[in-house]
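Following: one structure in structure tokens, then a few remarks.
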Amino acid sequence: MMARLRSARPEVLVPAVVLLASVVFLLVSPVFAERSLSSFDVFNLMQGFAPLGLVTLAVGLTVLCGEYDLSVVSMFAAGGMMSVLWGEDHPVLAALAAVAVCLLIGAVQGAIIAFTGLHSIPVTLGSGIAIIGFVRVIGHDGSQSYDNFDVPLWLDRTLATVLSPRSLVTLAIIVIVALLFARTSVGSTLRAVGGNRRASVVVGVRVDRTLITVFGVSGALASLAGSLNAYSFASATADQSNSLLIYATAGTLLGGVSLAGGRGHILGLAAGGLAVATLQQSFLVLATPDYVSNIVFALLLVAVAALDAPGLRQMLSRRLARRRVPSRGAPGGQVAGSDPADSARVGASSS
Amino acid sequence: MTTTEAPLDPGGAPAPARPRQAARPLWLLWVAVAALIVVIGLDTPRFFTIDNARAILSSSSLVGIAALGLLFIVASGNLVSLAIGSTASVGAMVLLSNLSLSLPVALVLAALACGLIAAVQGVLVGHLRANPIIITIAAAFAIDGAATAVTDGTTIAPETRAYQRLNDTVGGLPIGVYVLLVLTVIATAVIRYTRFGRELYLVGENRQAAYAAGLPVGRIITIAFAVAGAFFGIAGAFAGSFNQGAVVSTGQSLTFDAIAAALVGGVAILGGRGSAFGVLIGTLVITTITDLLLLRSYGTGAQTLVKGLLIVVVIVGFHLRNGRQR
């Protein structure tokens, strides 16, 4: 058992430990709230996981191939708004149309990234702003209500005590993507593109096609999450809150997917998203004010982003090296390029 | 400004030396944008009036000051800050709640507080090399949360009327416009003539080379964030004075506008290129477009859509012209 633990890779170990810790946190939270947990808490947790799981998957897939899709929040809003506006009589058709639009926009983003060689962060930042503008235009600069109340009632009815059609959709999509990763070469293709793009090109991986597909799928998943969410609340708004991006990014990193790209599993992503949803539910049990839980999640994200950053690892390894060699370390230790994760890092140098 | 023009390959693995491509005529884009503004402006009543020119300049000051601050972050090669609005709101709150100490002291406190908030992010980004986008999104979230906790979600009212000074007009233009011009000159001087300025641009242009040259990269990035934060705080102070009160959302619209202004002003998103004067021009372009859309009674949606598309076009256009590849 110990040997297995020691040999476990971080992309397996991290999400497992994080999920376990969040569940323990949820289980002990009633002690401080002076109430007991009920099956409704689990139901509500899964209701929170319904949009978050899909958006975490959307962000995580792009991070797996060394990118980072900032536009998911806008796609989420776009999916919700289009569904509410078009879906009075045909909710399924409207949601599918919204998903198709966002799939297309995402694919265009992927094409720009693939063909210009630009990093995805600046591209999806700009297009994300444009999409929010588009949502505000079609939503007449306000929130729009949805009057077909049969839809929210159907989507949120209880199934098997803790599930609902909405959370089942999320679980089904996660299972499908996980199977795709396990049974086909999709997973290894994505990890190859994220791990070493030049080598991928050399060995014949279609990097262009992969990026276009991944960004299309990311847009579609975020849009679907937005549609289901808007139907559930019977309203849609363009008010862009970055909270969803915070939760989804935290879920991605806690799911053992590194921003350096090329490392991670779908089930890890799901576990990361589930852990964040579990923490959210724990805060609900504890009746924590929103601003406090916001600060906690923000600090959590800062912590995991710092742990994932190449600088910390390098600093630690330099410390260790210095301890082994009592004389003053060679200046070579200062050179950033010594860390292989460096060249693949998301952001800054965008190499 | 030789460092910004040096044909160094951006950070990353040592790539084979590639000849600099002939600059593609990006100015065509500017001519197109300018022509579009003029043509639509001619068709818009009240656009070509002195009053409207004054209105454009007035609204430029807030966006311009924030965009100037952002220049330091972008130039350092750390993309953009998504915490501009939240930091500016803190600036507004600090100013308005310290006015009893006199306006200059309150203004300095606002700049210092915001500089400190941004410097913390700078340490994480510069020393630990954490992703700047994720750190600044999380920072915005934490700042909003902390501001809500401190203010209880209420509006901060000005302690005294001293803030009115910031709304004064001199020669028909608000003080903010003059402050923007002075800050542009200061930023230009820092970038061109100080060691910090040159080091900042080298870090942005080629971080590996900066490490190899023994530059204190982490410290330089931390200072860049601190300077940017101070600028955001000053922009927020003007916003708070203009609104005669401050809430968590006071500076919110500044984030997108400042990013659009800096990028349209020719600041390369990947760092190492861009001037304070360019940011000034970019600011004027963005506020003119906003003004034009407002005069034609388009809502915030259309404005946001246009700015977002402009950002994408400029990023892609610049990238293709400079032939920068990963």
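This one's a predicted model, so the numbers in the text were calculated from it and none came from an experiment. What's counted below: heavy atoms across the whole structure, side chains too, no hydrogens, waters or symmetry copies.
- Using a 3.5 Å distance cut-off with no hydrogens or angles, the side chains of B:Ser76 and B:Asn78 do pair a donor with an acceptor.
- Interface check for chain B: of the options A:Val137, A:Asp141, A:Leu301, the most heavy-atom pairs under 4.5 Å are formed by A:Asp141.
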Quick one, B:Arg219 with B:Glu199, criterion salt bridge (Lys or Arg N to Asp or Glu O under 4.0 Å). Give me CA distance, side-chain angles, the key distance, then yes/no. CA-CA 11 Å; B:Arg219 196 191 311 153; B:Glu199 288 178 345; over 6 Å; no

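- The contact between A:Ser243 and chain B is made by backbone and side chain atoms together, counting heavy-atom distances below 4.5 Å.
- Ranked by heavy-atom pairs under 4.5 Å with chain B, the first of A:Pro122, A:Ala305, A:Ser293 is A:Pro122.
- Contacts between B:Ile315 and chain A at a heavy-atom distance below 4.5 Å involve backbone atoms as well as side-chain atoms.
- Remark: the A:Glu67 side chain and the A:Ser120 side chain contain an N/O donor-acceptor pair separated by less than 3.5 Å.
- For A:Ile138, no part lies under 4.5 angstrom from a heavy atom of chain B.
- Checked options B:Val120, B:Ile73, B:Ile220; the residue passing with B:Phe225 is B:Ile73 (criterion: side chain to side chain contact (heavy atoms under 4.5 Å, CB included)).
- The ring of A:Tyr247 has its center closer than 6.0 angstrom to the ring center of A:Phe297.
- Ranked by heavy-atom pairs under 4.5 Å with chain A, the first of B:Leu82, B:Ile137, B:Leu309, B:Ile311 is B:Ile137.
- Residue contact with chain B, scored on non-hydrogen atoms closer than 4.5 Å, involves the side chain of A:Thr249 exclusively.
- Interatomic distance, CD1 of A:Ile131 versus CZ of A:Arg136, reported as 13.0 Å (0.5 Å rounding).
- Contact of B:Ile143 with chain A is not made at all, since no heavy-atom distance falls under 4.5 Å.
- In this structure, the portion of A:Leu125 lying under 4.5 Å from any heavy atom of chain B is its side chain and not its backbone.
- By number of non-hydrogen pairs under 4.5 angstrom with chain B, the leading residue of A:Ile246, A:Val302, A:Leu312 is A:Ile246.
- Between chain A and the residues B:Ala149, B:Ala142, B:Ala146, the most heavy-atom pairs under 4.5 angstrom are made by B:Ala149.
- Neither side chain, B:Ser89 nor B:Gln252, offers a donor N or O lying under 3.5 Å from an acceptor on the other.
- With a 4.5 Å cut-off on side-chain heavy atoms, B:Val74 and B:Leu79 do not count as touching.
- Residue contact with chain A, scored on non-hydrogen atoms closer than 4.5 Å, involves the side chain of B:Val80 exclusively.
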